[in-house]
> 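Here's a structure for you.
Keep in mind that the numbers below use all heavy atoms, side chains included, and drop hydrogens, waters and symmetry copies.
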Amino acid sequence: MQDHRKLGRELELFHSDPLVGAGLPLWLPDGAAARRAVEDYVYALERRAGYQHVYSPPMAKVEMYHRSGHLPHFADDMFPPMALGEHDQFVLRPSLCPHHAAVFNARGRSYRELPLRIGEIGGMYRAERSGVLGGLSRVRAITLNDGHVFCAEEQVFSEVVAALALMRVVHAALGFEPAYFRLSLRGDSDKFVDDPAMWSKATEVLREALAAVGLPYVEAPGEAAFYGPKIDVQLVDHAGREGTLATVQVDYFQPTRFDLSYVDEHGERRRPAMVHRSAAGSMERLFAHLIEVHEGAFPAWFAPVQLAILPVGEASARAFAARCRSLDLRIQELYSGSLGARIRAARKVPFVAVIGAQELADGTVSLRSRGSEEVRVLPVEEALSFLAARCRAPLD
């Protein structure tokens, strides 16, 4: 693997500007195209799994984070509050879960609605120290694929199992395997909520879910969230550094703090459990890993450029390029330099189409796949069908 920071610069995927600030990367057009393809895929996959998606603001009043427990237990990792008046203070959110609790509380809920699966790819912010920042893997502005499942106690186990299954589908589609799974447990520090029975119950559910899906894992005391244990997806980068991509957590703390409730089949008010989960993790850390794993040569469905079109001589490829765009293919037309030089320049692009005078006259395209020396001469319509199928996100 190569360092994603070096590849990111060379491939113009992202950029760090000192005027913007450390830990605040700019996604350049190619990086943004790849990220948007992944985000669209995750949204579609989650919809199929029964998730409803929301938008929520990246900040809230400080009272929300006192109630959620973040300010008492997590303040060192948060940006300081912004005072807009004597009694009006706001803070950039360090997580999305309090906002999703507010979504659940937007109206009364019935047991018939459970499990209620809420999803969002949204921004959150961590006050990381300058010395630990690096590329996309450690940033201050984080875009998290997040989700929260509000469910009855008897549904928690199946929702954790489903979350783990969804994670593994995403990993396979993106073309990587985690280094390992970690069960992160409470430690002795006073940063953890003091409720042994709550911790024991949540930990047991996670253990049972891991056993049910047959995932090997290691235990890590002291690595839990302040409000509950979690299953972490661990990655290792090019230099052997370890980081967490995504988690599944069982939370009995925040539903109590936000007084969440639903009406059961007997008309009684019940407290839901809250399963926190992320299928893909943060877009920043995910792409830091994907850049290194694939060395910038992404699978076709989320490659920034899926097809490079190389006209030869006086031949025009405009009509073919227009047809490709109409199919929503991400293309690049390369005109300058010899044919060999242009093929080398497109070495990380999944497909290359060469159109010369002969192809133009015959209504064909010479198509080459990345990593292959074989050249297939196909009629235009057949080439378009082939490309559309190969560049489609793997949802079926």
Side-chain angles (χ1 to χ4, degrees), residues 1-42 121-126 128-145 170-171 173-179 233-246 278-308 329-332 334 342-352 370-371 391 393:
M1 290 195 292
Q2 295 185 48
D3 189 335
H4 82 277
R5 293 169 295 184
K6 179 176 182 292
L7 281 170
R9 287 193 300 271
E10 292 174 357
L11 300 175
E12 297 186 10
L13 300 175
F14 67 93
H15 173 65
S16 297
D17 189 309
L19 193 59
V20 176
L24 302 170
L26 300 170
W27 292 77
L28 301 178
D30 277 359
R35 170 177 155 174
R36 177 55 59 88
V38 170
E39 289 178 346
D40 288 347
Y41 164 74
V42 170
I121 298 178
M124 64 184 200
Y125 302 86
R126 300 283 174 88
E128 300 281 10
R129 303 300 178 257
S130 297
V132 302
L133 299 172
L136 294 177
S137 59
R138 199 74 179 261
V139 295
R140 288 170 171 155
I142 302 163
T143 309
L144 185 66
N145 159 230
V170 172
H171 299 164
L174 293 170
F176 74 91
E177 285 283 342
V233 177
Q234 297 300 105
L235 304 177
V236 176
D237 72 5
H238 74 285
R241 291 180 295 252
E242 187 178 315
T244 300
L245 174 65
S278 175
S282 78
M283 291 299 108
E284 292 76 17
R285 185 163 290 181
L286 174 65
F287 268 90
H289 191 62
L290 292 176
I291 291 167
E292 295 190 358
V293 166
H294 297 295
E295 296 188 338
F298 298 135
W301 69 270
F302 68 90
V305 177
Q306 297 168 314
L307 173 69
L329 295 174
R330 296 184 293 277
I331 68 169
Q332 182 180 27
L334 299 176
R342 285 181 285 163
I343 289 174
R344 288 191 295 275
R347 67 190 181 281
K348 293 190 183 293
V349 177
F351 301 102
V352 171
R370 181 177 57 205
C391 294

> Applying salt bridge (Lys or Arg N to Asp or Glu O under 4.0 Å), name anything that partners R129, two or more places apart in sequence or on another chain.
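Salt bridge (Lys or Arg N to Asp or Glu O under 4.0 Å) check on R129 returns nothing, list empty.
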> Can you name the salt bridge (Lys or Arg N to Asp or Glu O under 4.0 Å) partners of R241, sequence neighbours left out?
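For R241, the residues satisfying salt bridge (Lys or Arg N to Asp or Glu O under 4.0 Å) (neighbours in sequence not counted) are D237.
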> Could I get the full list of side chain to side chain contact (heavy atoms under 4.5 Å, CB included) partners for A173, not counting sequence neighbours?
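A173: side chain to side chain contact (heavy atoms under 4.5 Å, CB included) contacts with Y41, W301, P394.
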> I'd like to check the side chain to side chain donor-acceptor pair (under 3.5 Å) partners of Q2; sequence neighbours left out, ordered by chain and number.
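In terms of side chain to side chain donor-acceptor pair (under 3.5 Å), with neighbours along the sequence ignored, Q2 is linked to no residue.
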> Check side chain to side chain donor-acceptor pair (under 3.5 Å) between R140 and all other residues, then give those that pass, not counting sequence neighbours.
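Side chain to side chain donor-acceptor pair (under 3.5 Å) check on R140 returns S130.
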> Stepwise, does the side chain to side chain contact (heavy atoms under 4.5 Å, CB included) test hold for F351 with V305?
CA-CA 9 Å; F351 301 102; V305 177; over 6 Å; no
> What residues, two or more places apart in sequence or in another chain, satisfy side chain to side chain donor-acceptor pair (under 3.5 Å) together with E39?
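If we apply the side chain to side chain donor-acceptor pair (under 3.5 Å) test to E39, skipping adjacent residues, the hits are R35.
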> Could you tell me which residues satisfy side chain to side chain contact (heavy atoms under 4.5 Å, CB included) with I343, sequence neighbours excluded, listed by chain and number?
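Residues passing side chain to side chain contact (heavy atoms under 4.5 Å, CB included) with I343: L310, L339, R368.
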> Can you see which heavy atom on A346 is nearest to which on L334, and at what distance?
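Distance-wise, the nearest heavy atoms are CB-CD1, 4.2 Å.
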> Is there a donor-acceptor contact under 3.5 Å from the side chain of Q306 to the main chain of R330?
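Flag set: sc Q306 to bb R330 pair under 3.5 Å.
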> Going by the rule salt bridge (Lys or Arg N to Asp or Glu O under 4.0 Å), which residues pair with E10 if we only count those two or more places apart in sequence or in a different chain?
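E10 satisfies salt bridge (Lys or Arg N to Asp or Glu O under 4.0 Å) with K6 only.
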> For L235 and P178, which heavy atoms make the closest approach, and how far apart are they?
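In terms of heavy atoms, the two residues are closest at CD2-CA, 4.1 Å.
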> Show me the donor-acceptor pairs within less than 3.5 Å that the side chains of residues 278-299 make with the rest of the protein, sequence neighbours left out.
residue: S278; atom: OG; partner: N145; partner atom: O; Å: 2.4
residue: S278; atom: OG; partner: G281; partner atom: N; Å: 2.7
residue: S282; atom: OG; partner: R285; partner atom: N; Å: 3.1
residue: E284; atom: OE1; partner: T143; partner atom: N; Å: 2.8
residue: E284; atom: OE2; partner: T143; partner atom: N; Å: 3.4
residue: E284; atom: OE2; partner: T143; partner atom: OG1; Å: 3.1
residue: R285; atom: NE; partner: S137; partner atom: O; Å: 3.0
residue: R285; atom: NH1; partner: T244; partner atom: O; Å: 2.8
residue: R285; atom: NH2; partner: S137; partner atom: O; Å: 2.9
residue: E292; atom: OE1; partner: H238; partner atom: N; Å: 2.9
residue: E292; atom: OE2; partner: H4; partner atom: N; Å: 2.9
residue: E292; atom: OE2; partner: H4; partner atom: ND1; Å: 3.3
residue: E292; atom: OE2; partner: H238; partner atom: ND1; Å: 3.0
residue: H294; atom: NE2; partner: L174; partner atom: O; Å: 2.8

> Using every non-hydrogen atom in the two residues, find where E128 and V139 come nearest and quote the distance to one decimal.
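That closest heavy-atom pairing would be CG-O, 3.5 Å.
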> Throw together a table of side-chain donor-acceptor distances under 3.5 angstrom for residues 16-31, partners on residues two or more places apart or in other chains.
residue: D17; atom: OD1; partner: L19; partner atom: N; Å: 2.7

> For R126, look at atom CZ and say whether over 12 heavy atoms of other residues, nucleotides or ligands are found less than 6.0 Å away.
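Counting other residues, nucleotides and ligands, CZ of R126 exceeds 12 neighbours.
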> Can you find a pair of side-chain heavy atoms, one from F302 and one from D40, that are under 4.5 Å apart?
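Not touching, per the 4.5 Å side-chain cut-off.
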> Applying side chain to side chain donor-acceptor pair (under 3.5 Å), can you list everything that pairs with R5, at least two apart in sequence or on another chain?
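For R5 the side chain to side chain donor-acceptor pair (under 3.5 Å) partners, ignoring immediate neighbours, are D3.
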> Passes side chain to side chain contact (heavy atoms under 4.5 Å, CB included), R370 versus V352? Steps please.
CA-CA 8 Å; R370 181 177 57 205; V352 171; over 6 Å; no
> How many angstroms lie between atom CG of L144 and atom CE of M124, to the nearest 0.5 angstrom?
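Reported to 0.5 Å precision, the distance equals 4.5 Å.
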